[in-house]
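Worth knowing before you read on, the calculation uses all heavy atoms, side chains too, and leaves out hydrogens, waters and symmetry mates.
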Amino acid sequence: DADALRRLMAGIRGEAVEASGYQLPDEPAPYRGLLRFEAEHSRFFFGRETETREVVARLKSSSFLAIIGASGSGKSSLARAGVIPALAAAPETKAWRVLTIIPGREPMRSLAEQLVRLSEPSPVDALRLVDEVVERLSEKPAALDDVLAAHCATSGQTVLLFIDQFEEVLTACQDGAAGCREQAEQFVALLQDAVLRGRSGARILISSRADFLDTYIAWPALRELLQDRQYLL
């Protein structure tokens with residue numbers, strides 16, 4: 001970049017540069033600071049090539065994988081800027097449809113909002129459909145696998161459901177201890193059914209802080225999911 005080189009040389013010499021010489025574009029910013037890397041930053045994301053290859057290989061052979069690591073270890077960036085672009089670029093795989101959720105206060109609704117996107121409804125229809133899907137997910141543990149199987153069969157795509165900051169299933173809810181536990185159990189039951197039945201061929205990837213591992217192990221359904229299906233970062 002000749003202009004950038006001229007600005008650099010002027011700066012080294014202490015010479016004046018044009019007024020706009022230090023204006024940089026906001027995006028894509030190569031230095032993210034404490035912000036996570038997203039798929040659009042994948043060309044700036046490096047140093048995790050080995051981890052990316054290993055997670056992609058595990059996902060191709062397993063319907064569920066949990067990336068477990070300390071807070072700030074780069075779990076979200078690995079998934080978003082490493083694994084997801086790598087899957088999209090893999091020539092030997094079918095087209096991937098990625099659904100990304102952060103559970104938040106209402107994990108069932110967060111999940112429903114992404115599932116509704118599979119049918120690409122109008123904004124007006126989407127509001128109605130989300131409510132209907134939330135109700136169905138709450139009543140039927142097989143509902144997630146049903147929706148994913150139907151989409152994969154008609155579209156020919158492989159769905160990757162990425163649940164980032166999975167610990168929010170336990171921490172973000174504000175419906176009281178009993179209500180939060182019930183909602184979390186419903187959410188995990190949906191994942192468990194989709195993984196164990198696996199009719200859709202979809203993949204579920206989660207990221208979680210390592211300090212919640214003791215809690216997960218004490219929860220039979222989660223322990224079954226995580227057994228032999230975790231990647232330690």
Side-chain angles (χ1 to χ4, degrees), residues 36 62-73 75-76 79 98-119 121 125-151 159-200 202-233:
R36 66 185 176 227
S62 177
S63 57
F64 180 90
L65 186 65
I67 300 175
I68 307 290
S71 179
S73 60
K75 303 177 295 296
S76 297
V98 180
L99 305 178
T100 300
I101 77 168
I102 296 177
R105 294 179 57 182
E106 299 180 88
M108 301 290 278
R109 190 166 193 86
S110 298
L111 177 58
E113 288 171 350
Q114 290 299 310
L115 293 176
V116 165
R117 288 183 55 207
L118 291 173
S119 61
D125 289 338
L127 292 174
R128 172 182 54 81
L129 289 172
V130 167
D131 290 335
E132 293 177 359
V133 173
V134 168
E135 183 177 357
R136 185 176 180 185
L137 292 174
S138 301
E139 294 176 349
K140 187 180 179 185
L144 174 59
D145 192 52
D146 289 344
V147 173
L148 294 177
H151 175 77
V159 174
L160 172 65
L161 174 61
F162 173 46
I163 306 172
D164 201 3
Q165 301 176 38
F166 183 81
E167 65 273 3
E168 286 194 1
V169 173
L170 302 176
T171 63
C173 177
Q174 299 181 11
D175 294 338
C180 291
R181 179 72 181 192
E182 179 182 3
Q183 187 170 201
E185 288 177 346
Q186 290 175 338
F187 188 80
V188 171
L190 291 166
L191 302 182
Q192 185 182 37
D193 179 84
V195 170
L196 296 182
R197 288 204 301 166
R199 294 183 300 120
S200 66
R203 301 292 190 267
I204 299 175
L205 176 66
I206 73 172
S207 71
S208 177
R209 283 164 39 191
D211 52 317
F212 281 85
L213 198 53
D214 284 350
T215 303
Y216 299 157
I217 291 173
W219 191 339
L222 267 176
R223 184 173 65 248
E224 182 178 11
L225 279 178
L226 291 172
Q227 188 73 43
D228 300 324
R229 298 189 185 98
Q230 53 184 291
Y231 183 85
L232 302 180
L233 189 64

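Proximity of Val195 to Ile204: side-chain heavy atoms (C-beta onward) are separated by under 4.5 Å at one or more points. Ile163 places none of its side-chain heavy atoms less than 4.5 Å from the side chain of Leu111. You'll find the side chain of Tyr216 stays beyond 4.5 Å of the side chain of Leu225, heavy atoms only. Considering only heavy atoms from C-beta on, Gln186 comes within 4.5 Å of Glu182 through its side chain.
Every residue meeting the side-chain contact (heavy atoms from CB on, under 4.5 Å) condition with Ala126, not counting sequence neighbours, appears here in chain and number order: Val116, Pro121.
Counting heavy-atom neighbours within 6.0 Å of Arg105 CZ, excluding the residue itself, gives a total of 12 or less.
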request  = Start with the C-alpha gap between Phe166 and Ile67, add the side-chain angles, then the distance that decides, and say whether side-chain contact (heavy atoms from CB on, under 4.5 Å) holds.
outcome  = CA-CA 10 Å; Phe166 183 81; Ile67 300 175; over 6 Å; no
Check against side-chain contact (heavy atoms from CB on, under 4.5 Å), Leu115 and His151 = CA-CA 10 Å; Leu115 293 176; His151 175 77; over 6 Å; no
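A salt bridge links Asp146 to Arg197: one of the charged nitrogens lies within less than 4.0 Å of a carboxylate oxygen. Salt bridge annotation for Glu185-Arg181: present, with a cationic side-chain nitrogen under 4.0 angstrom from a carboxylate oxygen.
Of all heavy-atom pairs between Cys180 and Asp175, the closest is SG-N, 3.4 Å. Summarising the geometry of Ile206 relative to Phe162, their closest heavy-atom pair is C-CE1, 4.3 Å, with the distance given to 0.1 Å.
Distance alone, capped at 3.5 Å, is enough to place a donor-acceptor pair between the Lys75 side chain and the Ala70 backbone. For Gln114 (side chain) and Ile101 (main-chain N/O), no donor-acceptor pair under 3.5 Å exists by modelled atom type.
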